Amino acid sequence: MYVLCSLAPCNALFPIANRNSAIAIQFDSIQFAPRQFNIPYGTRIYSHPLVRSTLYQHTLSHCSTILFYSQPEPKKYQTYFLEVDPDQDDKAKEIKLCNFSRPHMRAFHCSWWCFFIAFFIWFAIAPLLSEIGPDLGITKKEIWTSSVISVAGTICMRFVLGPLCDKYGARILFTGVLCCCAIPTACTGLVNSASGLIVLRLFIGLVGGTFVMCQYWTSRMFTKEVVGTANALVGGWGNLGGGVTQLIMGSVLFPLFKTGMSSEMAWRTVSIVPAFIGFISGVAVYFISDDAPKGNYKELKKNGLMPEVSAAASFRTGALNLNTWVLFLQYGCCFGVELTMNNAAALYFKDAFGQSTEGAAAIASLFGWMNLFARGLGGYLSDKANAKAGMRGRLWIHTLLLLFEGVMVLIFANTNKLGASIFVMVLFSLFVQGAEGSSYGIVPYVNPPVTGSIAGIVGAGGNTGAVGFGMTFRQFAPSYREPFMIMGFTIIGSSVLSLFIRIKGHAGLICGQDSEEVKKANEATIAVPAPEEEEEDAEAAE
């Protein structure tokens, strides 16, 4: 698009903009057409050799009020299905869940699906551990060691993948991680010892690093006004894979495989299913999606629309921000709790209430099923609080969700009836997922240019929390009450840390105020000149 902006009549336009032309004048995002030319209101100037040469040769010398003139931006998409904000790199200002158009909503759906499949791979073994243990002669502590290792390996991956997202984008990394981790998942049937199980789960657990790409991708596609909701929805629907895996692997596929073979042969072969789906998903996402609203990173850098990013510098900047580490600890007390429950819930209901493998897996799946809406609800509440009270609103929502989460864990630890325990677990899960959603409503504000690195570090906090809580369960095995009590008080303590989150230009939890720049950004509106005003301008110029 060739753009010319003028607030007064310009005779030099007549050769290319006569009374029957479809050429209009645009100033930034405001479009208008001088009435004396009868140019249709709101139409655009399209590239044409005559337009190009005439504007260049004549307007500069004849129009004293030219304000802007530029070449078309070499981006992949010139129009979008969603409403976008040009000031935020063409990020979408809205979310349409039933739409799959590129680039925004295609990335949205690819993001949650890939993370969902990552969970399917990651925790495919979890509901089968009560069968694997006796068959291999593995103790409860050795089982817990494998569970701890399965989340520990992801910590390093998240630290690494964060800055790599800033450099390469989420799409390529999703493909690489899903395809690579599908291989050890398919090898589950080769395990014959505790050490073999631990090593296997270490490599499978690397797939948990996909969370970073999941959150980075939607942060790259949606504006700050809706990014909390977008991040929460893709994260929540991805986390839903944890609950679905418990149900599908433990209550559907495992019994199905057992109908034609022994119990041991069933668990040795059933993991081929998630491995196959994971590999196919990784390949597909590479070809059907885009890195950013304006196209893929390779082309954006080639066309000068995106600077070359240093992964090391990105990580260093994110790591030196205190807010990053506060969120790291808090995320360990929500997502870390969810990962622990993904490993512990089925074992807990089987040991504490005498449920069968299939029954315990079905009950445990309820915890993950809350991700269908709970994490999205946390992000939505964060966005709404931001609209009312800015960053202070986001921080209060985040703090309260963590506080209530901790209280519900303490109640769960002291509930001895099966029905009541299931009910409390569901409420407990609602607050866990809500706190995860509110966490990533804050992350994109910490330091926008290095969001990938910050998302990676904070995401690693979730796995770090899971390692800590997993070690606690391992230490107190076979008892469950003490680990749950420690978990509950730790979460309550983490909610207090919100006092130390102070993002530049934004108000804190109880002190500080938004800067004038932030206030103006929130209140900024663009007024389009009315036709009457244009006529007055034209008459005044004559």
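The model shown is predicted, which means the values in this text are computed figures rather than measured ones.
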Participant: Got more than 12 heavy atoms from elsewhere within 6.0 Å of NZ, Lys384?
Facilitator: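 Atom NZ in Lys384 is not crowded, with 12 or fewer foreign heavy atoms closer than 6.0 Å.
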Participant: Contact between Cys333 and Thr490 at the side-chain level, heavy atoms closer than 4.5 Å - yes or no?
Facilitator: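 Yes, side chains in contact.
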Participant: Determine whether more than 12 heavy atoms belonging to other residues, nucleotides or ligands lie under 6.0 Å from atom OH of Tyr168.
Facilitator: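 Counting neighbours around OH of Tyr168, 12 or fewer heavy atoms of other residues, nucleotides or ligands fall under 6.0 Å, so no.
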Participant: Got a donor-acceptor contact below 3.5 angstrom from the Asn296 side chain to the Lys298 backbone?
Facilitator: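 No; judged by distance alone, with no hydrogens or angles, the pair does not exist.
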Participant: Is there side-chain contact between Phe367 and Gln246, with heavy atoms separated by less than 4.5 Å?
Facilitator: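 A side-chain contact is absent here, since even the closest heavy-atom pair is not under 4.5 Å.
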Participant: Could I get the full list of side-chain contact (heavy atoms from CB on, under 4.5 Å) partners for Ile280, not counting sequence neighbours?
Facilitator: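 Result, side-chain contact (heavy atoms from CB on, under 4.5 Å) vs Ile280: Phe276.
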Participant: So, Thr223 versus Glu225: side-chain donor-acceptor pair below 3.5 Å or not?
Facilitator: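 Looking only at side-chain atoms, Glu225 and Thr223 do form a donor-acceptor pair, the distance falling under 3.5 Å.
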Participant: Hydrogens and angles aside, do Gln433 and Ser429 bring a side-chain donor and acceptor to less than 3.5 Å of each other?
Facilitator: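 There is such a pair between these side chains.
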Participant: Would you name the heavy atoms of Gly508 and Leu395 that are closest together and state the gap between them?
Facilitator: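 Result for this residue pair: C-CD1, 3.8 Å.
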Participant: Could you pull out the closest heavy-atom pair between Ser382 and Ile397, with the gap in Å?
Facilitator: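 For Ser382 and Ile397, the tightest heavy-atom pair comes out as N-CG2, 4.3 Å.
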Participant: To the nearest 0.5 Å, tell me how far Ser479 OG sits from Asp351 CG.
Facilitator: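 Going from the OG atom of Ser479 to the CG atom of Asp351 covers 11.0 Å.
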Participant: Can you tell if the side chain of Arg102 reaches within under 4.5 Å of the side chain of Ser289, non-hydrogen atoms only?
Facilitator: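 They are not in contact (no side-chain heavy atoms under 4.5 Å apart), so the answer is no.
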Participant: Is there side-chain contact between Leu339 and Phe123, with at least one heavy-atom pair below 4.5 Å?
Facilitator: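 The answer is yes; the side chains approach within 4.5 Å.
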Participant: Taking Thr324 for its side chain and Gly318 for its backbone only, find out whether a donor-acceptor pair lies under 3.5 Å.
Facilitator: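 A pair under 3.5 Å: yes.
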Participant: Without swapping roles, check the side chain of Ser111 against the backbone of Phe108 for a donor-acceptor pair under 3.5 Å.
Facilitator: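 Pair absent, no side-chain N/O of Ser111 close to backbone of Phe108.
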Participant: Please work out which of the three classes, parallel, tilted or perpendicular, describes the rings of Phe484 and Phe412, given edges at 30° and 60°.
Facilitator: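 Phe412 vs Phe484 ring planes: perpendicular.
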Participant: Say you draw a straight line from OG of Ser438 to CG of Asn386; how long is it, rounded to the nearest 0.5 Å?
Facilitator: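 Result: 12.5 Å between the selected atoms.
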Participant: Working to the nearest 0.5 Å, report the span between CG of Leu173 and CG of Asp291.
Facilitator: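 So the CG of Leu173 and the CG of Asp291 are separated by 9.0 Å.
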Participant: Would you kindly say whether Ser146 and Arg201 are connected by a side-chain donor-acceptor distance under 3.5 Å?
Facilitator: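 Yes, because at least one side-chain N or O of Ser146 sits under 3.5 Å from a partner of the opposite role on Arg201.
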Participant: Check Gly209 against Met157 and note the closest heavy-atom contact, atom names and distance.
Facilitator: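 Gly209 and Met157 have their closest heavy atoms at CA-CB, 4.4 Å.
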Participant: Thr154 and Gly208: which non-hydrogen atoms are nearest, and at how many Å?
Facilitator: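 Taking Thr154 first and Gly208 second, the nearest heavy atoms are CG2-C, 3.2 Å.
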Participant: So, Arg171 side chain and Asp290 main chain: donor-acceptor pair closer than 3.5 Å or not?
Facilitator: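 It does not hold such a pair.
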Participant: Please determine, by modelled atom types, if Glu436 and Asn239 share a side-chain donor-acceptor pair under 3.5 angstrom.
Facilitator: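 There is such a pair (donor and acceptor under 3.5 Å, judged by atom type) between the side chains of Glu436 and Asn239.
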Participant: Answer yes if the side chains of Asn323 and Arg502 hold a donor-acceptor pair under 3.5 Å, and no otherwise.
Facilitator: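 The answer is no; no qualifying pair exists.
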Participant: Whether the side chain of Arg106 engages the backbone of Ile288 through a donor-acceptor N/O pair (distance < 3.5 Å, no angle test) should be reported.
Facilitator: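 Such a contact is found between Arg106 side chain and Ile288 backbone.
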Participant: May I ask you to check whether over 12 heavy atoms, not counting those of Lys167, lie within 6.0 Å of atom NZ?
Facilitator: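 More than 12 heavy atoms, drawn from other residues, nucleotides or ligands, come within 6.0 Å of this atom.
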Participant: Please tell me whether Asn342 and Trp122 have a donor and an acceptor in their side chains that are separated by less than 3.5 angstrom.
Facilitator: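 Side-chain D/A pair, Asn342 to Trp122: absent.
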Participant: Show the numbers, then the answer: is there a side-chain contact (heavy atoms from CB on, under 4.5 Å) between Ile501 and Leu509?
Facilitator: CA-CA 8 Å; Ile501 297 179; Leu509 184 67; over 6 Å; no
Participant: Take Phe120 and Ile248 through the test side-chain contact (heavy atoms from CB on, under 4.5 Å) and record every step on the way to the result.
Facilitator: CA-CA 9 Å; Phe120 194 27; Ile248 291 180; 4.2 Å; yes
Participant: Above 12 or not: heavy atoms from other molecules or residues under 6.0 Å from OH of Tyr380?
Facilitator: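 No, not enclosed.
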Participant: Tell me whether Asn192 contacts the main-chain N or O of Leu190 through its side chain, where contact means a donor paired with an acceptor under 3.5 Å.
Facilitator: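 Yes, Asn192 side chain to Leu190 backbone: donor-acceptor pair under 3.5 Å.
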Participant: Do His398 side-chain atoms and Ser495 backbone N/O form a donor-acceptor pair below 3.5 Å?
Facilitator: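 Such a contact is absent between His398 side chain and Ser495 backbone.
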Participant: Drop me the distance from Lys140's NZ to Ser130's OG, to the nearest 0.5 angstrom.
Facilitator: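 OG of Ser130 is found 9.0 Å from NZ of Lys140.
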Participant: Which heavy atom of Ala362 sits nearest a heavy atom of Ser365, and at what distance?
Facilitator: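 Where Ala362 meets Ser365 most closely, the heavy atoms are O-OG, 2.6 Å.
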Participant: Classify the ring geometry of Trp217 against Phe174: parallel below 30°, tilted from 30° to 60°, perpendicular beyond 60°.
Facilitator: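 Trp217 and Phe174: tilted rings.
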Participant: Please enumerate all residues that pass ring-ring contact (aromatic ring centres under 6.0 Å, His included) together with Phe328, with sequence neighbours excluded.
Facilitator: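 Applying ring-ring contact (aromatic ring centres under 6.0 Å, His included) to Phe328 gives Trp325.
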Participant: Answer yes or no: does atom CZ of Phe279 have more than 12 heavy-atom neighbours from other residues, nucleotides or ligands under 6.0 Å?
Facilitator: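 Not more than 12 within 6.0 Å, no.
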Participant: Taking the ring centre of each residue, are Phe115 and Phe119 less than 6.0 Å apart?
Facilitator: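 Yes.
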Participant: Should the heavy atoms of other residues, nucleotides or ligands under 6.0 Å from CZ of Phe353 be counted, would the total exceed 12?
Facilitator: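 Counting other residues, nucleotides and ligands, CZ of Phe353 exceeds 12 neighbours.
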Participant: Give a yes or no on whether Glu482 atom CD has more than 12 heavy-atom contacts from other residues, nucleotides or ligands under 6.0 Å away.
Facilitator: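 Check passes, neighbour count above 12.
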Participant: Around atom CZ of Phe203, are there more than 12 heavy atoms from other residues, nucleotides or ligands closer than 6.0 Å?
Facilitator: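 12 or below, so no.
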Participant: Which distance, rounded to the nearest 0.5 Å, do you find between the CG of Asn343 and the CD1 of Ile125?
Facilitator: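 Between Asn343 CG and Ile125 CD1, I get 10.0 Å after rounding to 0.5 Å.
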Participant: Are side-chain heavy atoms of Met105 and Phe222 found at a separation under 4.5 Å?
Facilitator: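 Sidechains of Phe222 and Met105: in contact.
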Participant: Quick check against the 3.5 Å criterion: does Thr175 have a side-chain atom that pairs as donor or acceptor with the backbone of Gly282?
Facilitator: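 Answer holds: yes.
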Participant: Can a salt bridge be assigned to the pair Arg268 and Asp135 using a cut-off of 4.0 Å between side-chain N and carboxylate O?
Facilitator: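 Salt bridge absent between Arg268 and Asp135.
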Participant: Below 30° counts as parallel, above 60° as perpendicular, anything between as tilted: where do the rings of Tyr331 and Tyr440 land?
Facilitator: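 Perpendicular.
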Participant: Anything under 30° is parallel, anything over 60° is perpendicular, the rest tilted; go ahead and classify Phe116 against Trp113.
Facilitator: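 Ring orientation, 0 to 90° scale: parallel.
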Participant: Is there side-chain contact between Met341 and Met425, with at least one heavy-atom pair below 4.5 Å?
Facilitator: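 Sidechains of Met425 and Met341: in contact.
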Participant: Salt-bridge test for Arg375 and Glu338: reply yes if a basic N is under 4.0 Å from a carboxylate O, no otherwise.
Facilitator: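 Salt bridge flag = no for Glu338 with Arg375.
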Participant: Do the non-hydrogen side-chain atoms of Ile363 and Leu418 ever get within less than 4.5 Å of each other?
Facilitator: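 The answer is yes, as the side chains (C-beta and beyond) meet within the 4.5 Å cut-off.
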Participant: Got a donor-acceptor contact below 3.5 angstrom from the Lys91 side chain to the Ser219 backbone?
Facilitator: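 Side chain of Lys91 to backbone of Ser219, a donor-acceptor pair under 3.5 Å: yes, one is there.
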Participant: Do Ile204 and Cys181 come within less than 4.5 Å of each other through their side chains, counting heavy atoms only?
Facilitator: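 Not touching, per the 4.5 Å side-chain cut-off.
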Participant: Working note: Leu206 + Val177, criterion side-chain contact (heavy atoms from CB on, under 4.5 Å); need CA distance, chi angles, decisive distance, verdict.
Facilitator: CA-CA 8 Å; Leu206 299 180; Val177 175; 5.7 Å; no
Participant: Verify the distance criterion only: is there a donor paired with an acceptor across the side chains of Gln330 and Ser439 at less than 3.5 Å?
Facilitator: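 Side-chain D/A pair, Gln330 to Ser439: absent.
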Participant: Apply side-chain contact (heavy atoms from CB on, under 4.5 Å) to residues Trp267 and Phe257 and explain how you reach the verdict.
Facilitator: CA-CA 8 Å; Trp267 69 255; Phe257 273 58; over 6 Å; no
Participant: Checking Asn321 side chain against Thr317 main chain: does a donor-acceptor pair fall under 3.5 Å?
Facilitator: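 Side chain of Asn321 to backbone of Thr317, a donor-acceptor pair under 3.5 Å: no, none is there.
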Participant: Looking at every heavy atom in both Ser147 and Leu129, which two are closest together, and how far apart are they?
Facilitator: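 Scanning both residues, the minimum pair turns out to be OG-CD1, 4.0 Å.
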Participant: Between atom OG1 of Thr210 and atom CD of Gln215, what is the distance when rounded to the nearest 0.5 Å?
Facilitator: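 Separation between the atoms: 10.5 Å.
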